[in-house]
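Presented below is the structure to which this report refers.
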Amino acid sequence: MSSLSITPPFDLSIILPFHNEGVTVAALFQRLYPVLSRLGLSYEVICVDDGSTDNTYAQLCREREQDLRVKPVRLARNFGKEAALTCGLHLARGRAAITIDSDLQHPPELIPQLVEAWRGGAKMVYAIRSNRDADGPLRKLLTKAFYALFRHIADVQLPEGAGDFRLLDRVVVDAVNAMPERNRFMKGLMTWVGFNYALVPFEVAPRSDGKSHWNFLRLVRFAFDGLTSFSTLPLRIWTWCGSMISLFALGYGIYLTVRTLAFGIDVPGFASLMVGILFLGGIQLLSLGVIGEYLARVFTEVKGRPIYLIAEKEGFHSAPDTSN
Ligand code: UDP
Ligand code: MG
């Protein structure tokens, strides 16, 4: 599915994840079409409906009636944006793919610049958000903290402000598709593969309608996924902590023994005992928790369940596509 032995039949695959975006579908295509037609490239628009409960899929099918290059895919339930993007990349048959949010926060008008950078030789083109005005102050702060932490401890370097609005050359698409993991922190996966890249800045627009699907807990879970997929430092750090504390405990033990031998038994010591017990108890629970986080992810990988399930799709033929 992932690697193409034949020449890709399209120049561009546009990949859009939709989750209850029924209200923006029409506006989105109104802005997308003029941009795409000006490019003078052949393209397909893969619309992954990620288990919407509104009329998103019906709207996408209506768009297909207007233009056969629109290809709606409906997932069996809400699998999450990362799974929706994975599905889109699996189905994409273009020489390059562009992933872009469907809520119009990513301006389609930027696509020609991405394509230009790709033609200039970049295998991956990141659209870099130059503002975060659309986010609340708490989310802005936490996002900044997460990326700072990620940069320090993770094995891949995410450019500051890089999101899911990107262009990926076929080699990158194939590389990402070849990665079997279930915990898909797409930003990380796409960056991990490497290749030369270019950056194109853009201003994030406010959401056209509805509200963000990311609440605080979901974001925290996402951040954990990102960190644990790309760093083993949280696991290894406990070896160091444990060694330091053990060394300290050994020294303290020797000191106590010597003191008892020299000055006799000293009864007071309740406070230091309690502090020691609580401190060590806390550290142990924390490190167990971290191991649990990794173990849970190993469990998910080992089960090897599919990342997404497709309920229905239109416009994907195994025979040569004549819709273009
Ligand atoms: N999305 C999705 N599945 C989900 C949540 C979101 O496909 O479970 C899509 C959503 O339709 C949008 C994009 O992912 O096109 C970004 O979502 P959102 O705007 O909620 O995130 P934010 O912009 O706040 O990061
Ligand atoms: Mg959004």
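Heavy-atom basis, side chains included; hydrogens, waters and symmetry copies ignored. Order of appearance sets the numbers: ligands from 1, and atoms from 1 within every ligand. Numbering of residues begins at 1 and proceeds along the displayed sequence.
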Please identify each residue that fulfils ring pair (Phe, Tyr, Trp, His ring centres under 6.0 Å) with Phe165, with sequence neighbours left out.
-> His106, Phe202
How does His19 reach ligand 1, if at all, at less than 4.0 Å between non-hydrogen atoms: by side chain, backbone, both, or neither?
-> both
What are the atoms of ligand 1, with element, lying closer than 4.0 Å to any heavy atom of Asp50?
-> 2 (C), 3 (N), 4 (C), 7 (O), 8 (O)
May I ask you to check whether Pro17 has an N/O atom sitting below 3.5 Å from an N/O atom of ligand 1?
-> yes
Any atoms of ligand 1 less than 4.0 Å from a non-hydrogen atom of Asn78? List them with their elements.
-> 3 (N), 4 (C), 8 (O)
Measure from NZ or CZ of Arg77 to the centre of the six-membered ring of Phe79 and say whether it is under 6.0 Å with the direction within 45° of the ring axis.
-> yes
Considering only NZ, NE, NH1 and NH2 on the basic side and carboxylate oxygens on the acidic side, decide whether Lys71 and Glu314 come within less than 4.0 Å.
-> no
Partner of Phe18 under side-chain contact (heavy atoms from CB on, under 4.5 Å), chosen from Asp101, Leu28, Thr24 | Leu28
Atoms of ligand 1, numbered as shown, that sit under 4.0 Å from any heavy atom of Glu21 | 10 (C), 11 (O), 12 (C), 15 (O)
Would you check if the Mg ion (ligand 2) lies under 2.8 Å from any N, O or S atom of Asp103?
-> yes
Could you pull out all residues at least two apart from Thr86 that satisfy side chain to side chain donor-acceptor pair (under 3.5 Å)?
-> Arg184
